[in-house]
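Order of the sequence lines sets the chain letters (A, B, ...), proteins ahead of strands, with each chain counted from 1.
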Number of protein chains: 2
Amino acid sequence: MNINEIAELAGVSRATVSRYLNDGYVSEEKRAAIRKVIEDTGYRPSQQARNLRSKVTKLVGVIIPEIESGSVSQMVSGISEVLSVKDYQLLLADTRNNTRAELKYLRIFEKNQVDGIIFMGTMLSREHLHLMEEVEVPIVVTAQEIRQYSCVFQDDYHAAYDAAKMLTKKGRHIAYIGEPAKDKAAGKARKSGFLDAMADAGIRMDRSCMYETELCMQGGYEKAAKIWKTHPEVDSLFCATDSLAVGALRYFHEHDIQVPQQVQIVAFGDTEIGSAVSPAISSVHFYHKTMGQEAARMLVEILESGDDLKKHLKMGYQIVKKESLR
Amino acid sequence: MNINEIAELAGVSRATVSRYLNDGYVSEEKRAAIRKVIEDTGYRPSQQARNLRSKVTKLVGVIIPEIESGSVSQMVSGISEVLSVKDYQLLLADTRNNTRAELKYLRIFEKNQVDGIIFMGTMLSREHLHLMEEVEVPIVVTAQEIRQYSCVFQDDYHAAYDAAKMLTKKGRHIAYIGEPAKDKAAGKARKSGFLDAMADAGIRMDRSCMYETELCMQGGYEKAAKIWKTHPEVDSLFCATDSLAVGALRYFHEHDIQVPQQVQIVAFGDTEIGSAVSPAISSVHFYHKTMGQEAARMLVEILESGDDLKKHLKMGYQIVKKESLR
DNA sequence: CTGTTAGCGCATTCAC
DNA sequence: GTGAATGCGCTAACAG
């Protein structure tokens with residue numbers, strides 16, 4: 001069933017059917033005739049032929065580090081919501097935190113496969129930027145700020161700075177458990193924010209009170225153990241994620257270290273897990289879903305207007321105080 | 001840059017370039033010439049033209065109820081992993097638990113838009129089945145068993161039956177907090193499994209000890225309050241999700257009800273949140289990611305072999321005993 | 001408002 | 001092995 005048959009059955013030319021399907025510009029009679037035939041036959045225009053002809057696919061490629069992460073899936077949810085309203089479809093590329101895979105998908109999307117790309121990268125190298133140059137469709141970058149592209153990102157640096165500052169109000173001996181700062185932009189920003197806050201508060205950080213780990217709860221537990229075995233005087237803990245904090249909290253429970261009396265904690269994510277435990281973990285709240293929506297809106301706007309203004313949108317955050325802070 | 005220009009630059013016909021790009025059947029010299037031109041120009045064949053011509057898109061549509069759910073995103077991760085190895089791309093359709101949207105996406109995918117569909121539905125109505133009949137590409141159904149389709153699903157009924165049975169070993173007064181059973185297949189199966197286990201154990205369920213709620217932690221808290229205010233004698237709680245259990249646990253903590261001494265708990269999901277709390281929640285573990293992989297493998301096999309054998313794969317589960325059981 | 005005419009870029013016969 | 005010819009199904013001028 002193709003446009004020719006529909007045209008024949010409706011007694012019009014196929015151009016008229018095409019117009020019916022697109023802009024309009026068809027008389028009422030013919031419109032009715034065509035509608036009837038289409039309904040009777042259940043005809044649906046071939047997307048592929050349209051794509052070939054019109055060079056638009058109504059597809060947006062979304063490259064993400066890993067869908068299993070709560071923040072990523074929230075963001076994808078926001079993207080999906082906006083795209084579906086705007087009649088775009090979402091081509092998902094999960095790189096599994098693999099930099100090579102990011103490049104691979106950029107290349108796959110490169111030419112006339114998608115109309116645009118939303119790229120949530122881990123850590124963008126020169127190679128990335130070089131490849132992105134060559135990509136012919138607009139790219140919106142999320143989760144980090146890249147001058148040459150439109151992007152939507154959260155202010156990890158200042159969030160970390162502010163969170164750390166809260167610890168210094170009623171704490172002097174501060175420990176840090178983070179994510180690997182070398183391969184994640186957010187991890188790096190949180191670490192710098194933390195360190196700068198310490199410096200500004202005149203606190204000298206002892207390297208043996210700072211750890212990084214990829215594991216979540218278990219990593220938090222283990223690093224807390226390392227720190228408190230050698231530094232029982234530490235009275236405040238900064239964790240780059242709620243899961244790390246929950247792991248550390250378990251260590252404190254098991255060793256009768258009172259939270260927040262003996263140790264206060266602040267973390268990132270404001271996730272369900274952080275408020276499931278007792279005391280609930282004070283945590284930086286980000287707006288992942290909104291970020292996704294904004295990124296999608298930005299891309300759609302570029303697509304519809306035809307020019308890329310390179311907007312940079314820095315999203316706010318909120319430090320949600322709960323029981324883990326003194 | 002298209003195949004004609006490549007052919008001209010390489011001094012061959014475009015049919016030869018096409019052969020080079022596909023099966024082979026090209027002499028070594030021409031092969032080398034073509035390769036060189038392609039490398040120099042950075043030519044990439046147009047996917048759209050290929051699609052139109054060959055009727056395959058190398059796209060798989062994945063319809064899910066909501067990406068933000070942990071189990072769903074794990075499953076999508078499994079699907080994505082297998083598809084990427086097999087050189088398929090993933091077109092994601094998030095229906096936001098909206099039945100109409102499921103139908104909409106089935107229709108969008110219906111004709112020559114994707115090569116196949118993985119459909120994770122909420123509750124399949126006659127209308128769904130009717131529409132699925134009309135879809136011309138193979139469909140693999142997940143999360144529930146539908147006779148007419150290949151499917152991968154978990155055994156919620158027996159998992160619930162077994163979990164409930166564990167409660168009856170050391171409990172006589174049992175309460176139930178579930179998800180709405182009317183619009184989710186899993187919710188329904190868990191409820192039946194629970195009820196049948198009760199019946200087999202000769203326990204008469206009081207309706208005032210059974211509640212359903214859509215909310216997570218807060219719903220668990222509220223329903224637990226309702227139950228224990230009127231039925232303080234209840235000594236066991238069955239929750240359809242870990243989050244519900246964690247909410248209930250908070251109520252128990254606040255009211256000095258000892259877990260598991262006074263109330264034992266079993267739940268579903270074996271999620272991070274269930275083991276973050278203390279006592280850790282005993283929970284049914286499912287294999288979402290593996291399910292996703294299996295579903296994708298099943299679909300790819302149908303696509304590659306060309307015939308749909310309608311396999312039904314029921315995945316196992318495991319009840320992970322933790323501190324919340326007596 | 002409508003029909004005719006040309007391709008979009010590629011894969012696939014079919015002769016050679 | 002190779003090239004010429006054909007058309008996948010549709011949209012976009014263009015002339016009427």
Tell me the interatomic distance from [X], atom [atom1], to [N], atom [atom2], rounded to whole angstroms.
X	N	atom1	atom2	answer
B:Y20	C:dA11	OH	P	13 Å
A:N4	D:dG7	CG	P	12 Å
B:M1	C:dC8	CE	P	14 Å
A:K58	D:dC10	NZ	C1'	17 Å
A:K55	D:dA13	NZ	P	13 Å
A:Q113	C:dC10	CD	C1'	15 Å
B:E29	D:dG1	CD	P	11 Å
B:Y43	C:dG9	OH	P	10 Å

**Report entry** Crowding at NZ, B:K311 (>12 non-hydrogen neighbours, <6.0 Å)
**Finding:**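 Atom NZ in B:K311 is not packed in, count stays at 12 or less.
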
Query raised in the report: If you count the non-hydrogen atoms of other residues, nucleotides and ligands that lie under 6.0 Å from CD in A:E304, is the total more than 12?
Result: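 Yes - once you tally the heavy atoms of other residues, nucleotides and ligands closer than 6.0 Å, there are more than 12.
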
Output a table of nitrogen or oxygen pairs between the protein and nucleotides 1-5 of chain C separated by less than 3.5 Å.
residue : atom : partner : partner atom : Å
C:dT2   : OP1  : A:S27   : OG           : 2.5
C:dT2   : OP2  : A:S27   : N            : 2.7
C:dG3   : OP1  : A:K30   : NZ           : 3.2
C:dG3   : OP2  : A:S13   : N            : 3.1
C:dG3   : OP2  : A:S13   : OG           : 3.3
C:dG3   : OP2  : A:T16   : OG1          : 2.6
C:dG3   : N7   : A:R19   : NH2          : 3.0
C:dG3   : O6   : A:R19   : NH2          : 2.5

Query raised in the report: So, are A:E102 and A:R96 salt-bridged, with charged N and O less than 4.0 Å apart?
Result: no

Query raised in the report: Hey, are A:E294 and A:K289 close enough for a salt bridge, meaning a charged N less than 4.0 Å from a carboxylate O?
Result: no

Query raised in the report: If you check every side-chain atom of A:L52, which of C:dG9, C:dC10, D:dC8 has the closest atom?
Result: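 Among C:dG9, C:dC10, D:dC8, the one nearest the side chain of A:L52 is C:dG9.
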
Query raised in the report: Phosphate oxygens OP1/OP2 of D:dC10: is one of them under 4.0 Å from a side-chain N or O of A:R50?
Result: no

Query raised in the report: Under 4.0 Å between a side-chain N/O of A:S46 and OP1 or OP2 of D:dG9, yes or no?
Result: no

Query raised in the report: Excluding sequence neighbours, so at least two apart, what forms side chain to side chain contact (heavy atoms under 4.5 Å, CB included) with B:S18?
Result: B:I3, B:N22

Report task. Could you tell me whether the side chains of A:N97 and A:T122 share a donor-acceptor contact shorter than 3.5 Å? Result -> no

Requested in this report: Would you classify A:N22 as touching base, sugar-phosphate or nothing, given that sugar-phosphate means primed atoms plus P, OP1 and OP2, and contacts are heavy atoms under 4.0 Å?
Outcome: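 Result for A:N22 = sugar-phosphate.
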
Query raised in the report: Any side-chain heavy atom of A:I63 sitting closer than 4.5 Å to one from A:F109?
Result: yes

